[in-house]
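A quick write-up on the structure given underneath.
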Amino acid sequence: LERQANPEKIVLDSRNLQAVPLLEGEEAIKVLVLSNNSIRKIDHLVSLPNLQVLDFSSNKLAEINCFWSPSNNLAGLRQLSLGNNQIRNIKNLENITNLEILDL
């Protein structure tokens, strides 16, 4: 019901996820919430060209290094939440030129 009410938002928080699910066919998604899981690596964001808000808070991320590649362009991302993780290293955020909020 939540998905039908807001088709531009996917909330997958507190589901014991250990990896980012493959979200094929979800090009319209603007908000993706994956907080309070056990995710260790950020991947599978290739098919989300309209993503504006991404929440990975309270996971088990140690390195942030995969936000831009020729096949993974998240240039429209405006808000990135990474608080309450185990981050030691952050790279490749300079290509997200529309980023307004970075929560570490």
Side-chain angles (χ1 to χ4, degrees):
L1 292 174
E2 179 183 340
R3 183 85 165 110
Q4 291 173 349
N6 193 350
E8 295 180 343
K9 182 177 183 179
I10 294 180
V11 178
L12 297 172
D13 65 330
S14 303
R15 298 192 186 217
N16 257 349
L17 297 176
Q18 294 185 11
V20 178
L22 187 56
L23 299 170
E24 290 183 358
E26 298 290 352
E27 290 80 12
I29 295 301
K30 291 184 179 179
V31 177
L32 178 58
V33 179
L34 292 160
S35 60
N36 297 305
N37 283 296
S38 296
I39 298 171
R40 295 181 183 274
K41 181 180 178 186
I42 298 175
D43 55 4
H44 298 252
L45 300 178
V46 176
S47 61
L48 304 174
N50 296 307
L51 196 61
Q52 296 178 7
V53 177
L54 183 56
D55 185 351
F56 271 102
S57 59
S58 299
N59 274 285
K60 296 183 178 182
L61 299 171
E63 182 174 63
I64 308 302
N65 186 25
C66 56
F67 280 101
W68 187 90
S69 70
S71 64
N72 185 20
N73 185 2
L74 295 176
L77 195 63
R78 293 185 1 218
Q79 179 178 335
L80 177 59
S81 298
L82 298 169
N84 199 23
N85 277 285
Q86 302 161 357
I87 300 171
R88 294 185 200 109
N89 193 8
I90 299 175
K91 297 179 186 174
N92 294 330
L93 290 184
E94 64 273 4
N95 294 308
I96 306 175
T97 57
N98 291 318
L99 194 62
E100 297 171 3
I101 299 170
L102 175 60
D103 180 7
L104 296 172

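In this chain, residues are counted from 1 in sequence order. Since the structure is predicted, the reported quantities are computational estimates derived from the model, not experimental observations.
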Of the non-hydrogen atoms in [X] and [Y], which two are nearest, and what is the gap between them?
X   : Y   : value
V53 : L77 : N-CD1, 3.9 Å
D55 : S81 : OD1-CB, 3.5 Å
K9  : I29 : N-CD1, 4.0 Å

Heavy-atom neighbours of [X] [atom1] exceed 12 at 6.0 Å:
X   : atom1 : value
E24 : CD    : no
N16 : CG    : no
E27 : CD    : yes

Would you call [X] and [Y] a side-chain contact if the rule is heavy atoms closer than 4.5 Å?
X   : Y   : answer
I42 : N59 : no
L12 : L17 : yes
L32 : L23 : yes
S47 : L22 : no
E26 : L48 : yes

Quick one: [atom1] on [X] to [atom2] on [Y], what's the gap to the nearest 0.5 Å?
X   : Y   : atom1 : atom2 : result
L74 : T97 : CG    : OG1   : 11.0 Å
R40 : Q18 : CZ    : CD    : 7.5 Å
R15 : L34 : CZ    : CG    : 9.5 Å
Q86 : L61 : CD    : CG    : 8.5 Å
F56 : N37 : CZ    : CG    : 9.0 Å
N36 : S57 : CG    : OG    : 6.0 Å

| field | Main-chain N/O of G83 paired with D103 side-chain donor or acceptor, under 3.5 Å | value | no
| request: Look only at the side chain of N85 and the backbone of K60, and say whether a donor-acceptor pair between them is shorter than 3.5 Å. | output: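 Answer holds: yes.
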| task | Determine, step by step, whether L104 and L80 satisfy the side-chain contact (heavy atoms from CB on, under 4.5 Å) criterion, reporting the C-alpha distance in whole Å, the side-chain angles of both residues, the deciding distance to 0.1 Å, and the verdict. | result | CA-CA 9 Å; L104 296 172; L80 177 59; over 6 Å; no
| Out of curiosity, does L45 fall in the hydrophobic cluster containing V11 (side-chain heavy atoms, cut-off under 4.5 Å, transitive links)? |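 In one cluster: no.
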| task | Check the pair I10 / V31 against side-chain contact (heavy atoms from CB on, under 4.5 Å), numbers first and verdict last. | result | CA-CA 6 Å; I10 294 180; V31 177; over 6 Å; no
| field | side-chain contact (heavy atoms from CB on, under 4.5 Å) assessment of L102 paired with L82 | value | CA-CA 8 Å; L102 175 60; L82 298 169; 4.2 Å; yes
